[in-house]
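In listed order, ligands and their atoms are each counted from 1. Since we're looking at a predicted model, the values are computed, not measured.
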Amino acid sequence: MTTHATPAAATSHAAHITDQFTRQAEIFARSRALHCKAALDLLVDAARPAPADVSLDVACGPGSVALAFAERVAHASGLDATEAMLDQARKAAAKAAIANVSWHRGDAYALPFAATSFDIVSCRFTMHHLEQPARAFAEMVRVCRPGGRVVLCDAMASDDEAKAAAFNAMERHRDPSTVQFRTLGYLRGMFPAAGLPPPDESFFAVPFTLEEMVTRSFPVGDDREQLRATLAAAIDGDALGMDARRDGDAVRFAYQSVVLVAVKG
Ligand SMILES: C[S@@+](CC[C@H](N)C(=O)[O-])C[C@H]1O[C@@H](n2cnc3c(N)ncnc32)[C@H](O)[C@@H]1O
């Protein structure tokens with residue numbers, strides 16, 4: 001089943017989202033670091049899926065999280081604002097012959113589902129693209145049933161304010177649809193603010209080389225040289241808080257990431 005709700009009225013931020021994720025869709029879908037089994041299992045296991053459950057992944061992108069849930073639940077849904085991402089998701093589902101999945105075009109701020117519709121509601125690597133993360137999170141909580149699990153996953157900014165500021169400046173240049181990566185404390189605090197108990201937490205890192213990051217990015221003004229220079233300069237003192245280091249000819253980084261999960265009361 002596919003629905004075609006119209007995402008919220010276009011704003012310049014929404015235009016950045018559409019532009020970036022239409023251009024990124026194919027290369028984003030191919031990233032092993034983002035869609036490897038270990039990273040997907042960490043999130044799916046944290047949600048403690050049961051065979052009769054129905055799940056929703058908000059801002060599903062190319063669908064890897066929804067498809068990982070589909071193997072463990074009765075039915076999995078994925079919702080995203082960007083049609084090119086949903087195209088990737090449909091292709092991935094067809095390739096894996098997974099049929100218990102639905103894709104929906106829509107807006108994380110106005111989920112087109114009744115309250116308490118899902119046993120599991122997840123959202124991965126998207127809060128940093130949202131201008132109003134608490135509003136989207138409230139929607140996730142609304143559509144989760146009591147006793148269901150709400151799962152939030154994102155990369156984190158360092159607790160060191162200078163590193164966090166440098167990281168966010170680099171990311172906004174690298175991908176202008178980025179609003180802000182938040183700290184662990186901020187993400188954790190979203191749970192009690194939305195009426196949920198304190199979340200359980202699991203940590204992981206998503207590794208990239210400098211050249212992979214430059215190749216997969218569509219920076220402001222297509223200025224890849226500035227991006228390359230900023231990343232190379234970040235090795236000294238780990239200026240971005242990304243565990244930057246030389247490894248032979250390569251420069252390696254990692255997005256420090258967290259999965260937070262709580263049961264809705
Ligand atoms: C970095 S990608 C993450 C994709 C996927 N969650 C994953 O982890 O592989 C961010 C996704 O958020 C989607 N997105 C951004 N703002 C959205 C909104 N307001 N409503 C729905 N989707 C949105 C984009 O279209 C994009 O597919």
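Within ligand 1, the atoms closer than 4.0 Å to a non-hydrogen atom of D107 are 18 (C), 19 (N), 20 (N), numbered from 1 in the order shown. Close contacts between ligand 1 and H35 involve ligand atoms 9 (O) [criterion: under 4.0 Å to a heavy atom]. Remark: ligand 1 atoms within the under-4.0 Å shell around heavy atoms of T82 are 24 (C), 25 (O). Of all atoms in ligand 1, listed by their number and element, those nearer than 4.0 Å to a heavy atom of M85 are 27 (O). Less than 4.0 angstrom separates some heavy atom of G106 from each of these atoms of ligand 1: 20 (N), 21 (C). Listed by number with element, the atoms of ligand 1 under 4.0 Å from a non-hydrogen atom of A108 are 18 (C), 19 (N), 20 (N), 21 (C). Which parts of ligand 1 touch T126 is read off a 4.0 Å heavy-atom cut-off, strictly below it: atoms 3 (C), 6 (N), 10 (C), 11 (C), 12 (O).
Checked by atom type and distance alone, the side chain of S31 never pairs as donor or acceptor with a backbone atom of I27 at under 3.5 Å.
A donor-acceptor pair shorter than 3.5 Å can be found between the side chains of Q24 and D175. Checked by atom type, the side-chain pair S102/H75 shows a donor-acceptor distance below 3.5 Å.
When the options A59, A89, C153, G61 are ranked by their closest heavy atom to atom 6 (N) of ligand 1, first place goes to A59. Between the choices D175, V179, L130, the shortest heavy-atom distance to atom 17 (C) of ligand 1 belongs to L130.
The proximity of H129 to ligand 1, defined as any non-hydrogen pair under 4.0 Å, is limited to the side chain.
When each of D200, D45, D53 is paired with R149, the salt bridge (charged side-chain N to carboxylate O under 4.0 Å, His left out) condition holds for D53 and for no other.
Atom 1 (C) of ligand 1 has as its closest protein heavy atom F125 O, 3.2 Å. In terms of protein heavy atoms, atom 9 (O) of ligand 1 is closest to R124 NH2, 3.1 Å.
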